[in-house]
Protein chains: 2
Amino acid sequence: MGRRLSICNSIDDCDLAILANESSRMTVADGRSFIEEGEPANDFFVVTGGRVKLFTLLPDGRRQITGFAEGGDFLGLAASTSYAFGAEALGGATLCRFPHAGMQRLTERFPSLEHRLREEASRELALMQARMTLLGRKTARERVATFLIERCSHLDRPDPSHTIELDLPMPRTDIADYLGLTIETVSRILSAFKKEKLINIRSITHIKLLDPERISMIAEGME
Amino acid sequence: MGRRLSICNSIDDCDLAILANESSRMTVADGRSFIEEGEPANDFFVVTGGRVKLFTLLPDGRRQITGFAEGGDFLGLAASTSYAFGAEALGGATLCRFPHAGMQRLTERFPSLEHRLREEASRELALMQARMTLLGRKTARERVATFLIERCSHLDRPDPSHTIELDLPMPRTDIADYLGLTIETVSRILSAFKKEKLINIRSITHIKLLDPERISMIAEGME
DNA sequence: CCATCACCTTGACCTGAATCAAGTCTGGTA
DNA sequence: TACCAGACTTGATTCAGGTCAAGGTGATGG
């Protein structure tokens, strides 16, 4: 997710008035949820600011975070009649909401938009494929390493130097639920990485990768 | 996957000649692979007969099976420039191959096809969401139960009676790699289910669900 | 009709990550 | 400056599932 063309770009002669007509802006406060898993799916969303987490729940409360979304990301493709996931703001977010009906009017007027949506879905599918491998086959160390590397690709300016400064805007609980681990395990492994001089933990949210190369290797199970 | 409309149905005045022009049939023998992960993605595929497994690999050979596909299923959406997965026949399969260029000609002529592809991708996304929860948060028992229930939905005639006969066309190794377990664990849990009178194991590939209701409960972690 | 081989099951044991249980750190409040 | 609450870390212990190691089973061929 992140840093790629917004859906507007697929509308060559992008008539922004029409686009605005079919959508409405909304603001979601930290921790507030705006998509309920299983509810009828009536809207698409585009994240315009802040961050959002997507998740599914088991009846007893176990949670799997299936993705984080930020500015420019598209939400709601993983839904037929009802949403296959819940979504909730992570530190406050602003969204653009597109009712399905309106989106359909848009795709009729701008056929390339439909193609754009498919591309978006494909990209998401490819990511999920990798995430299934992470959840099904990687060790805890590999998962955390993968997570760190993944976060790097969300940076605006991929630092040219050898060390990379990372901001982890989500609490450990979310990282754990994203990686299929417990918070304790995530914490322990970050501590271990620190002891191994792979990272510096400047604060809870701010981490510096001292050896991104090596962390990538660990992420792929090739350490 | 399975038992839903083929892409042809989105072509209202379906000109089969045109469709045939843009595609080629192929046969893949048992165990032969026809998509290599990471290779440039030039084709879409539709499974017309037999079965296929999709998977990703880690460098050391660990494998995650990300899905099984059968008649009518569409392959290749989870790809941008290169395939995000490998694919291999499971007991022999026949496929229809659509080069991207040809597919593009088709979507130009039949715009609703593009929509159909997006729907297909959405459906797949929703399935993957559930599978991530399985891999990240479910116990081995829950995974195997989920697998059995999932297989039911692939049956032609969902048996009206209370017990359901299932055919598992894939070896234990594939089930294990699909569920993120080992073959031993899969085997043990099937034996446990048998001992608990939840299933009968008539042969390696043929299983009878004696209490589908209860198995569903286990699958959702509510036993 | 037996041998073989591939696949599956079962058992014994081990281990990575979960669970349970203290601490510690941080930032907000008074 | 001290207090508090919530989030994080760390340690001790447990346990689900993995690993290692025999057996079983059933389809194929000699």
Side-chain angles (χ1 to χ4, degrees), chain A residues 30-31 53 58 60-65 90-91 134-148 166-196 199-207 218 221 223, chain B residues 30-31 53 58 60-65 90-92 134-147 166-196 199-207 218 221 223:
Chain A
D30 185 19
K53 58 189 171 198
L58 289 174
D60 62 1
R62 276 174 286 171
R63 186 178 68 155
Q64 177 66 43
I65 291 190
L90 182 62
L134 177 142
L135 293 172
R137 288 300 180 217
K138 285 190 182 180
T139 66
R141 254 175 91 81
E142 289 160 3
R143 292 180 201 204
V144 174
T146 307
F147 175 72
L148 293 175
L166 269 191
D167 221 60
L168 303 182
M170 65 291 285
R172 298 284 186 266
T173 317
D174 288 351
I175 301 178
D177 283 349
Y178 181 64
L179 298 177
L181 300 171
T182 59
I183 45 171
E184 292 95 328
T185 299
V186 171
S187 189
R188 268 188 259 275
I189 287 175
L190 286 175
S191 299
F193 282 174
K194 181 176 161 191
K195 200 170 297 175
E196 299 173 38
I199 65 174
N200 258 347
I201 303 176
R202 333 198 102 194
S203 82
I204 281 174
T205 61
H206 195 200
I207 284 183
I218 295 174
E223 64 174 329
Chain B
D30 186 17
K53 57 189 170 198
L58 289 174
D60 63 1
R62 277 174 285 173
R63 185 178 67 154
Q64 176 66 44
I65 291 189
L90 182 63
L134 178 143
L135 293 172
R137 288 299 181 219
K138 286 190 181 179
T139 66
R141 256 176 89 82
E142 290 161 2
R143 293 181 201 204
V144 174
T146 307
F147 175 72
L166 269 191
D167 222 59
L168 304 182
M170 66 289 287
R172 297 287 186 266
T173 317
D174 288 350
I175 300 178
D177 282 349
Y178 180 64
L179 298 177
L181 300 171
T182 59
I183 43 171
E184 292 94 331
T185 298
V186 171
S187 188
R188 268 187 261 273
I189 287 176
L190 286 175
S191 298
F193 282 173
K194 180 175 162 192
K195 201 170 297 175
E196 300 171 39
I199 65 173
N200 257 347
I201 303 176
R202 332 199 101 191
S203 82
I204 281 173
T205 60
H206 194 199
I207 284 182
I218 295 173
E223 63 174 329

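Any value given below was found using the heavy atoms of this structure, including those in side chains, with hydrogens, waters and symmetry copies removed. Chain letters run A, B, ... following the sequence lines, proteins first, then strands; residues in each count from 1.
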* To do: Identify whether any heavy atom of A:Thr139 sits under 4.0 Å from a base atom; if not, whether one sits that close to sugar-phosphate; answer base, sugar-phosphate or nothing.
  => sugar-phosphate
* Asked: A:Arg63: what forms a salt bridge (Lys or Arg N to Asp or Glu O under 4.0 Å) with it, not counting sequence neighbours?
  -> A:Asp174, A:Asp177
* Asked: Can you tell me if A:Arg188 uses its side chain to pair, donor with acceptor, with the backbone of A:Ile183 under 3.5 Å?
  ->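 Such a contact is absent between A:Arg188 side chain and A:Ile183 backbone.
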Within the 4.5 Å heavy-atom criterion, are [X] and [Y] side-chain neighbours or not?
X	Y	answer
A:Thr139	B:Arg62	yes
B:Leu181	B:Val144	yes
A:Arg141	A:Phe193	yes

* Nearest-0.5 Å distance, CG of residue A:Asp167 to OG of residue A:Ser203 -> 7.5 Å
* Atom CD1 of A:Ile204 to atom C1' of C:dT26: distance rounded to whole Å? -> 7 Å
* When you list every nucleotide of DNA chain D with an atom under 4.0 Å from a heavy atom of chain B, which one comes first 5' to 3', and which comes last? ->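 The protein-touched segment is D:dG17 to D:dC20.
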* Does anything in residues 179-191 of chain A reach DNA chain D, meaning a heavy atom under 4.0 Å, and if so which residues? -> A:Glu184, A:Ser187, A:Arg188, A:Ser191
* B:Leu90 and B:Pro171: which non-hydrogen atoms are nearest, and at how many Å? ->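 The answer is CD1-CD, 4.0 Å.
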* To do: List the atom of B:Leu135, the atom of B:Arg143, and the distance in Å for their closest heavy-atom pair.
  => O-NH2, 3.1 Å
